[in-house]
Amino acid sequence: MPPKSTAQRRLFKEYQQLSRDAPEGIIAGPLDEDDLFYWECLIEGPKDTPYENGVFSAQLTFPKDYPLSPPKLKFNPPLIHPNIYADGTVCISILHPPGNDPLLYERPEERWSPVQSVEKILLSVASMLAEPNVESGANIDVCKIWRDDRPKFDAMVREQVRKSLGL
Amino acid sequence: MEEATCRICRTEATEDDPLYHPCACRGSIKYIHQNCLEEWLKYSSKNSQCDICHQKFSFRVVYDQDTPAHAPVKLILQQIRTSIDRKLFSFLVIISCIVCAILLFSYTTLVLRYSSFLLSFSFVHGIPTTTELLLGQSETPISLQEFFNTDPAGCIRKALVSSLLPGFLFLLALLILGPVIKLNHEWIIRETSFLKMLHNRIGPVHSNERHAYVNQVDGMRIAGILQQIQEQRDANHGVLRRENVDALANNILGITGNEQLAEAMRLAIENVEQAEPNHEENDINDENEINLLNEQPAHVEEGLPAEDQDDVDFDEPPAVAAQNADLDPDFRPFDVAEEPADQAADEPALPEPRAQAEPELDFNLGVPDEPEANNDLFEIMFSLHPALPPLILTAAIFIEPVVLTLLFIIPCLVSFAILDLLRPLGRLINSIPEAEMVTSLFIRQPGAEASGIRIFGHLIIGYSFFAFMVYLILRKIEKSCNPRTNPLRKFRQFYNIVFGWSCTFKVFTLLGIEQLLFPITCGFLMDFCIAPVMVDPRSTGTLLLSQNFKVLNHSLHYMLYLWSIGSSYMFCFATFVGMCRSHILRPGVLFFIRTPDDPNVRLIHEALTRPFFLQLFRIFISLIVYTIFILAGIGSVTWFFGLFTPLLPVVIPTILPTGILRFYMSPLWIAPALLQGRKHKDLVILYWKKAYTISAARVRLSSFILNNPIPEERGRIVYRHFYHRLSATPDYSKPMSVRQATQHFKENPSVNAIFVPDGNYVRVPDDDAVSRKYLKRLFVAVTKDDNLLEPLKEENTAEDNSQEPSYDSDSETMEITTHCVVYRPPHFKARYISFLFLIGFFAISLFVSCIVLSDLLGRLIVLPISLLWIHSESIFSPRINFLYFFIGYQVWLQIFELYQKEDDTFTGLALLLRQITENLRRVLNTISGKVLVVVVDTIHLFITLISIGLPLMTQNSAVVENFDMLLKDPNDELNPRGPLSSLYKEVDPALSAFPFGLEVLGPSSLITILSIVGISTCNLVPYKDGTVKQWALLVVYCISNVLTGFLLNKARGPKTILEALNIYGWSFFAHYVAFAAYFTTKAVLRYFKTIDEQVKETYYTSRKELKNLDP
């Protein structure tokens, strides 16, 4: 099945690459090989963090003009994290479309560029889980808890991890 | 090894679509397809550069195979012609602009001429300036014949200048003043205290009448709410729910605070709702209903009195209005949906964007007519419609006389009328002989010529009369109402406008006096004070420095000169005060002087609310203080040194130009010293800290001034006899009263001095903020623990709390309770004044010692060099030499800087040398360094050409001699010849036998050497990273240099070093020619190449190909 558009070609290549040598703790791929624009991923919680032992599922939705614009990543069920919105959407600089940030929060190099890839996005998300960035938080409530009451935050996350594992 | 893939689409290279590596990225992202890159660049709309390594992508044009190497000549010529054609139109526009500008300026000059004729019944002769045209001429005019006879060659230039310049300056002044006043007005009517003042005078706004600009903002918000309604209606399938209507109405009530408006809104929406069920299925009616909905704001607005709408118009800042007009001709704040235009026209409520009516703004705003207004000035010039300049000209021809009549002639005529009425009184005063001079300035005599100051006086009288009339009218209106019980209704709008503008002129006058008149007065005093520094008052007989410069006879120039020196003095003074305040003084000592960083200071607010004459009085008081400071602090010193010592006036080296130019050049020499002085701020602060400590201790004010309580200062010492002052010290642990002390002296013969405490503690402010009210009375005697020594009188406190009796004062000034308690010795005022004198003494000794020491050090450094110099006498002259001072000062600064770093002075000196060379290298590497080198270079070329080249060609030293006389300093009595005397000494046949010695090497040869060093550095620096080609160029340059010198040597045979240097100058000239030829050829070739490329791109198929970046 030869893919037609640039986006499809590229996604197919990326899928091949990822299935050939996937990074540790990350599994990703399209749910249906006919629709390459919708991927399902599983991310393992990084060690030595409250997310440890958890396996979190997330959906990657690619736009038609991928790789010019970035995909969207959404955790389902939503994950408690300062940089993840209450509905599960991930807020991370690598997923932000190119162009200059008016607030100068992020340097242009940190934002989406076709040079990035699914693998890099997922690796960034994994490291984001380990080190939240409250400077530009997405979920303000969680940010507050993370900053002011770390033990409570850890407990909340562990509780969620336990639930997700069905314990 | 994986195959290379495109970093965007991750596919490999194909036959049609090869991979490129255009940037510095390596690894998996090294390669890219051209298509993918182009798509990405288009998408990200970034500059054509890699977003990872920021390398610029470069493309090259690839032509089809059948394209010839060069386009045919015919096509190239055609291309050149079309490009010229395209530019021709723009040039025509520019030419029409220039012609119109010339006509406009000369017309303005003509109008000014007639206005001055109207006022003085005589034409202004000669080449008047704008001010002379406006205010009349004070000098004796020269006749027309004289005017053309004096300088026939320059008379065309003079005629042009005299007809264009005054008009241009007048228009420029209008263009600057108009918007500035308008802006000032905008600020004032937006000031909250303005509304408060209005409220105090004519009472609150009528219940459904609100200030217009508030309405406009509200209108925007209501528009937003209406939009919401529309959306909700859509969402609910056209049905508005009752609670929504209420909520929205409340919302509007919240925004505007206007119940009537909210009620109208509610009714209107209900109407909509009632109308709804009847026409629910009908599309046409549905549309009707949208219209109805859109009409709401209009209905609401109709509830307001119509006069309010004028105010909307009035309040809209012109910039915004103009912008609106430019961006969106249909801009309406209330335009919620697509409202039919004709409907809008019926509604009086909508504020129309207003075109600026003032003529000076026409000139400004007319330009960005095209939809895509570009920032580039040239783009605007090219896109200008050709008919616009003549239109502006025509408008100006009609408007200008009106403006001039209103602003200038009518006030003068009014003043004439008033003074004519007062003439009997004037005669009465004139009978006193001394008063004649004063009154003759103002009383108009028929046929008398208008002198500058007289017309100015008339203008002031005229404007004051108008101001008085306006004041009377406003008072009359105010009296017709009572702010509390019966607010003004009838003339409210009129009052608003007149009051707004009168406030504007009040603030503008005050700010003008503060910013212009005040510095000019200071400048006048400074002009007097620095006169002995620059010229010898005994020989010239002048009191003011400006009297020695003919150029300053022009009044405008003179004012500018005074203003600049006055404000620079004020700046220095402010810097000094700021330094003392932040580093040395106790906070609160200078509570009566504003700090620049005081957050409570609102200049406009203060100028607006405080009474006019009170503020004038304050400015006058501070002027007196400044006068004392300038005259006592500076004038006394300079005049003392100028009259009684041989140190002044300062010798300014002949390298600097003469006359007024020399005077204006001096800041160029002083500025770097000042800038460097900033680095030595710590040192200066250290000096002043010491000075303050010593002076304060002398007058026992350490606690008050520095907040440094010294127990010994809290009393005086009583001695047994006068001579015991020399030896005896008291026992500070045993303070006594005077009576006890006399007793003690009798009882104990060994005690010769006793400490007697006196003075008391006072409350003082502990903060420098001015605009504050203190709840407790300050400067009252208290105990150490802030308990009152004697109870305050009741009225004192009351008076203190109502500092500002005027009813315009606002309650916003911060009331603070904090203060501190410091020791105050007896005879406080006398002590304070003597403290000021001590500080003045320290300041004078700092300046004098700084100048004298720098001068001495500079002399020591220059001494060995000056032995070779032609003017070696100046080194032994006692007068302070500017050059020596400058050199010495720089060296001192360097030494001090090192002294701050290194304690060991000897290592310091070694470091100094290293630092100087390093600094030099750094300077040469910067752009300004290169500019410097180029400037030196140009000077060198100029001097070699004129002073050496010309006499060599003509074999006539007279040329040099004449030129030398031009350069010569007229004040320099020591040397009958100028700086070039060494040169014609050589060329003069009578002197050719003179053996060449080192003294023949005059300044010119020094400059030659300097520029040799300069040019080589200048050439080396850019060539440091250059390619082989540039190196080759340098080699060719050097060889040709040597060759030219050699050939000329051969031809003439150098007799002296000087001649050899002359030849070097010639060879230098040859290089300039060579360089010019080289660059011209290069530019011409480049031009033809671009044309060639343009032609090829138009006539042949081509495509762009990405260039690979080679590692």
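Below, read A as the first sequence line, B as the second, and so on, with proteins coming before strands; counting in each chain starts at 1. Computed from a prediction, not measured in an experiment: that's the story for all the values here. Just so it is clear, the values below take in all heavy atoms, side chains as well, and ignore hydrogens, waters and symmetry mates.
- For A:Lys120, the NZ atom sits in a packed shell: over 12 heavy atoms of surrounding residues, nucleotides or ligands are nearer than 6.0 Å.
- A 4.5 Å side-chain heavy-atom check between A:Pro67 and B:Arg10 finds every atom pair outside the cut-off.
- Minimum heavy-atom separation, B:Trp40 to A:Trp112: CH2-O, 4.2 Å.
- A 6.0 Å sphere centred on NZ of A:Lys74 holds no more than 12 heavy atoms belonging to other residues, nucleotides or ligands.
- Using a 4.5 Å cut-off between heavy atoms, B:Ile8 touches chain A through backbone and side chain atoms alike.
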